[in-house]
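Just below is one structure, and these are the notes that go with it.
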Amino acid sequence: MTQLLTALEGTISNEMRQVAKDENTSPDFIRAQIATGKVVIPANINHKSLIPKGIGEGLKVKINTNIGTSEDRCSYEDELLKLKVSIKAGTDAVMDLSIGGSLDQTRREIIRESTVPVGTVPLYQAATEVLSKSNDIGTMSPNHLFEVIARQAEDGVDFITVHVGVTREILKAMDNHPRLTEVVSRGGSLTLDWMDRNNAENPLYERFDELLKICRKYDITLSLGDGLRPGCINDATDTLQLMELMKLGELVKTAWDYGVQVMVEGPGHVPINQVEMNIKLMKRLCHNAPFYVLGPLVTDIAPGYDHITAAIGGAWAAYFGADFLCYVTPSEHLGLPTIEDVEDGVVTFKIAAHAADLARGNKEALKRDYLMSKARKELNWEEQFRLSINPERARKIRESRGGNNQDSTCTMCGQLCAVKTMNELHERRTQKCSKTSGE
Ligand code: SF4
């Protein structure tokens, strides 16, 4: 039985208890949020090493790390290393987006090693398998796509991105709504290409019931992909994006009717002034299902720094209600991320998620910042490292600049350290006061 059906029945599962503990809240609250579709726990019944996480309204903001091979760089050992690095850096989920090498082996190893939920885009595997035999994506049979979904489900994938909202209606509408960067979603573009070549409807849309049956059997959470997400600032919040979003809103209800957990993916590239509107619109059109945003990137001009452009948008989006942030690395738009890129991306998005948690008034986040400020005031470096988002990096920087004494200032201001000056001033005044009151 899925977490959604369990919650609707009024039962609290072990997964709900685990999430309640993680969120420092009551299992009853988690059950109620799942029952209304506002929270999901992606937890395939076959993913044995999983420590379940909750995603959605009322919980801490979560982040996802994309890993996976490409055609040109297909070392699955590297991807396993990326998995380890991302979990160590604090990711809440990973997506295996492999399209090179042995896809089954890579995915199975990742699931076996992962304590966080694992997501995939099954269409990537189906397309890669087809394209290894012919140059024509149109030769992919819908049955093959469903066979891949079933294979991945059996392996223990916890959530899958499916571009169900990319329909023939949208393909037609594209003629009248030109875009600067067309479609930048891999899954979206493949689906449009397949529909056009076959003059047929999107099989995932046409056979949505069949997809839901597989998801219900394994309790896979559906992540309704945004195949029409804007790929540049110029195309943000356009007709095509909103047409797809409205369709996804309908599909959310159908998934719930089947007892399947569902979240919805969002843009993309969005200027800061449109982020709030995008989140509120999505939540309204998709009945408050958890919202999974890809960045969003708030400018197009920073290749090499897109982990920053996306984290700015991610923090802002999460403040307005986005629940799950897909990280972006410095390699975005340029190449497959290295292991260092993955670590940078995860840490940058942990900062974005934490900044949003703080602004949303999360008690744990507020406490951590309070303790960090206290440690700064006390020049307590060990405590500062402990509370840091990346303790190793903080320690390395301090120690490499000659600041090795636990209670001394750092090399930034040296003897002009404002913290030290004020601590001494305060101590002097306290002594004066106690002398005066003793006279
Ligand atoms: S030396 Fe300057 S930067 Fe370093 S702790 Fe003191 S005030 Fe802060």
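Read the numbers this way: they start at 1 and go in the same order the structure lists the ligands and their atoms.
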ask   = Which protein N, O or S atoms lie under 2.8 Å from atom 4 (Fe) of ligand 1, given by chain and residue number?
value = C410 SG
key: R229 bridged to E265 by N-O distance under 4.0 Å   = no
request  = Report, in ascending order of atom number, the atoms of ligand 1 lying under 4.0 Å from any heavy atom of A418.
outcome  = 7 (S)
query = Do K53 and D92 sit within salt-bridge range, that is, some charged N less than 4.0 Å from a carboxylate O?
reply = yes
request  = Identify, with sequence neighbours excluded, every residue that meets side-chain hydrogen bond (donor to acceptor under 3.5 Å, both in side chains) alongside S373.
outcome  = none
ask   = Rounded to the nearest 0.5 Å, what separation is found between the CZ atom of R284 and the NZ atom of K280?
value = 12.5 Å
Tabulate below the donor-acceptor pairs under 3.5 Å that side-chain atoms of residues 307-314 make, not counting sequence neighbours, or state none.
residue: T309; atom: OG1; partner: D306; partner atom: O; Å: 3.2
residue: T309; atom: OG1; partner: D306; partner atom: OD1; Å: 2.8

request  = Could you tell me the residue and atom name of the protein heavy atom closest to atom 5 (S) of ligand 1, and the distance to it rounded to 0.1 Å?
outcome  = L379 CD2, 3.8 Å
note = Contacts satisfying side-chain hydrogen bond (donor to acceptor under 3.5 Å, both in side chains) that involve residues 291-302 (not counting sequence neighbours) are N64-Y292, H269-D300
message = I'd like to know if K62 pairs up with E23 as an ion pair, taking the criterion as any Lys NZ or Arg NE/NH1/NH2 lying under 4.0 Å from an Asp or Glu carboxylate oxygen.
response = yes
